[in-house]
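By convention in this document, chain letters (A, B, ...) are assigned in the order of the sequence lines, proteins followed by strands, and residues within each chain are numbered from 1.
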Amino acid sequence: MPTPYEKARDDNIKRNRETLLALGLDELKTYIPPKTAKKDVAPTAKSRKRKSPSLQDSKEEDESGAKVLRTHATQDITNASGVRRSARNAGKTVDYKSEVIKTLPEVISTAAKNAQNSEGKKTSERRHTPKQYGHIPDVEVGHWWPTREACSADSVHAPWVAGIAPGKDGAYSVCLSGGYEDDVDEGYAFTYTGSGGRDLKGTKIAPKNLRTAPQSSDQTFDNNFNRALKVSADTNKPVRVVRGFKNRSEYGPEEGYRYDGLYQVINAWTERGLNPGGYLVCKYTFRRLPNQPLIPTRVLDGSPLASEGSSEGEDENDDEDQDRDAASSEG
DNA sequence: GGGCCCGCAGGG
DNA sequence: CCCTGCGGGCCC
C-alpha cells in the first residue's frame with residue numbers, strides 16, 4: 001500500500017511522462033550525420049565497433065586535425081592510492097581500471113579548487129563567456145566533466161551549485177541533477193522544477209549555511225532563476241542542458257556531468273510540489289532541438305530497462321562522426 | 001552511509 | 001558588499 005506521498009509522486013510522474021511523450025519525440029531520435037566528401041562512402045566493414053553509448057568517443061583517425069575530444073582510456077582516474085573523488089563513490093568499491101576504460105574521458109582534476117577546463121585552464125581563464133545562448137564553441141554535445149566546477153570552467157554551465165544560469169532573454173543553461181523526485185526525464189524532453197523556497201540559513205539559534213535544503217515555502221516566478229526559464233519559454237532561446245549523475249533516469253550519466261545539447265522551454269507553470277508542506281513549485285517542460293547527436297543511455301540498477309541505446313541492430317547511425325551542427329545559437 | 005560547512009559564480 | 005544556489009570534500 002503506497003503512502004500518500006508515494007501516490008502523489010507516482011501520479012505526478014505519470015502525468016508528466018504522458019505530457020512529454022505526447023510531444024512527438026521520435027523525430028528527435030534519428031540523427032543523420034552530415035555527409036562530408038570524405039565520409040560519404042558506404043561503411044563496408046565497420047572499422048570500429050562502438051564501445052559504449054558514450055557520445056564523446058574519439059575521432060582518432062580524423063586526418064583533418066579537427067579532432068576535438070578523445071577518450072583517455074588508459075588514464076588512471078584515481079589518485080595513486082585510489083583516493084575517493086566525491087561522495088558519489090562513498091562506500092562503493094569501484095574498479096575504475098576496468099570499468100572506466102569503456103566510457104570515461106580523462107579526469108582533469110580531482111580537486112574542487114583550481115577547477116580546470118578541458119584545456120587545462122582555470123575558470124578565471126575561460127575562453128568563452130557562459131553568458132551566451134546556444135553552443136559554446138569547441139564544446140561538443142556529449143562532452144563530459146567530472147565535476148560541476150569543470151563544466152563551469154568550460155563555460156557550458158557557469159554556476160557551481162545552482163541548476164539554472166539566468167540571462168536577460170532566458171536561461172543560458174540548466175543542469176539536471178535529480179533534485180526533485182517527480183521530475184521526469186525522457187531524454188529528448190523532460191520536466192524541470194524551479195528553485196527557491198528553501199531554507200538555507202536555518203534559524204538564528206541554529207544557523208545552517210547550506211547550499212540546498214528541503215522545500216519550506218512557495219516558489220514564484222519572481223525568483224530570478226525561475227523567471228529566466230519562463231522568459232525562455234517566450235523567447236524560445238535555446239538552453240544548454242547538462243545532465244548529472246544524480247539524475248535518476250536512463251539518460252543520466254553514470255558519473256560526472258555531460259553536455260546534452262540544446263533544448264527549448266515550451267511550457268512554464270506552477271503547481272503544488274512534492275513536498276510535505278505542499279508548497280508551490282515552478283515547473284517547466286523542455287524539448288530538445290532536432291538534429292543533434294543521440295543521447296547515451298544506461299541501465300539503471302534494479303530496473304528492468306531495455307538494454308542500452310536505441311540502435312542495437314540499427315546501423316544507420318553507427319558512424320561516430322556525429323558532428324555538432326545542430327540548431328545554431330541565437331535566432 | 002549522513003552531517004557539516006566551505007568556496008565559487010552570479011545577480012542585486 | 002549582500003544574498004542565493006539540484007556541490008563536494010571532509011569528518012564521523
Sequence-distant partners of [X], side chain to side chain donor-acceptor pair (under 3.5 Å), two or more places apart:
| X | value |
| --- | --- |
| K246(A) | none |
| E27(A) | none |
| N12(A) | R15(A), D182(A) |

[atom1] of [X] versus [atom2] of [N]: gap in Å, rounded?
| X | N | atom1 | atom2 | answer |
| --- | --- | --- | --- | --- |
| H157(A) | dG5(C) | NE2 | P | 13 Å |
| Y172(A) | dA9(B) | OH | P | 17 Å |
| K208(A) | dC5(B) | NZ | P | 8 Å |
| N226(A) | dT4(C) | CG | P | 15 Å |
| N223(A) | dT4(C) | CG | C1' | 9 Å |
| F286(A) | dC6(C) | CZ | P | 13 Å |
| Q219(A) | dT4(C) | CD | P | 15 Å |
| F190(A) | dC6(C) | CZ | P | 14 Å |

For the side chain of [X], starting at C-beta, report the closest nucleotide among [options].
| X | options | answer |
| --- | --- | --- |
| L200(A) | dA9(B), dG7(C), dT4(C) | dT4(C) |
| V161(A) | dG7(C), dG10(B), dA9(B) | dG7(C) |
| S195(A) | dG11(B), dG10(B), dC6(C) | dC6(C) |
| A158(A) | dG5(C), dG11(B), dA9(B) | dA9(B) |
| S152(A) | dA9(B), dG10(B), dG11(B) | dA9(B) |
| R198(A) | dG11(B), dA9(B), dC6(C) | dC6(C) |

So, does R298(A) use its side chain to make a donor-acceptor pair with the main chain of G252(A) at under 3.5 Å? yes

Classify the nucleic acid contact of [X] as base, sugar-phosphate or nothing, counting any heavy atom under 4.0 Å across all strands shown.
| X | answer |
| --- | --- |
| Y192(A) | base |
| I164(A) | nothing |
| N209(A) | base |
| G196(A) | sugar-phosphate |

On the nucleotide [N], are OP1 or OP2 found under 4.0 Å from the side-chain N or O atoms that [X] carries?
| X | N | result |
| --- | --- | --- |
| K246(A) | dG7(C) | yes |
| K131(A) | dG11(B) | yes |
| Y257(A) | dG8(C) | yes |
| R227(A) | dG11(B) | no |
| N247(A) | dC6(C) | no |
| R148(A) | dA9(B) | no |

Which Ile, Leu, Val, Met, Phe, Trp or Tyr residues join Y180(A) in one cluster when any pair of side-chain heavy atoms under 4.5 Å counts as a link? none

Less than 3.5 Å apart, which donor and acceptor atoms pair up between the side chains of residues 276-283 of chain A and the rest of the protein, not counting sequence neighbours?
unit_1	atom_1	unit_2	atom_2	d
Y279(A)	OH	S216(A)	O	3.4
K283(A)	NZ	D183(A)	OD1	2.9
K283(A)	NZ	T193(A)	OG1	2.9

Listed once per pair and sorted, the side-chain hydrogen bond (donor to acceptor under 3.5 Å, both in side chains) pairs that draw on residues 165-177 of chain A, sequence neighbours left out: H157(A)-S173(A)

What is the ring orientation for W145(A) with Y259(A), classed by angle as parallel under 30°, tilted 30 to 60°, or perpendicular over 60°?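 Taking Y259(A) first and then W145(A), their aromatic rings sit tilted (interplane angle of 30° to 60°).
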
Name every residue in residues 176-184 of chain A that has at least one heavy atom under 4.0 Å from any atom of DNA chain C, in order of residue number, or write none if there are no such residues.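 Within residues 176-184 of chain A, the residues near DNA chain C are S177(A), G178(A), G179(A), Y180(A), D183(A).
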
Let's see if you get this right: which residues in residues 263-273 of chain A place a heavy atom under 4.0 Å from DNA chain C?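 Under 4.0 Å from DNA chain C: no residue of residues 263-273 of chain A.
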
Does the side chain of R127(A) come within less than 4.5 Å of D138(A)'s, by heavy atoms? yes

Kindly write out the residues that satisfy side-chain contact (heavy atoms from CB on, under 4.5 Å) with N267(A), not counting sequence neighbours, or none if the list is empty. W269(A), T285(A)

Going by the rule ring pair (Phe, Tyr, Trp, His ring centres under 6.0 Å), which residues pair with Y284(A) if we only count those two or more places apart in sequence or in a different chain? none

For R243(A), give me all partners under salt bridge (charged side-chain N to carboxylate O under 4.0 Å, His left out), at least two apart in sequence or on another chain. D185(A), D260(A)

Runs of at least three Watson-Crick or G-U pairs with DNA chain C, cut-off 3.5 Å: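 DNA chain C forms these stems: B:1-6 with C:7-12, B:8-12 with C:1-5.
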
Tell me which of L210(A) and P159(A) sits closer to the 5' end of DNA chain B, going by the nucleotide each one is nearest to.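 Final value for this comparison: L210(A).
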
V174(A)-V184(A) co-clustered via ILVMFWY side chain contacts under 4.5 Å: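 Yes, it is one cluster - the side chains of V174(A) and V184(A) are joined through contacts under 4.5 Å.
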
Same cluster for I13(A) and L274(A) if Ile/Leu/Val/Met/Phe/Trp/Tyr side chains link at under 4.5 Å? no

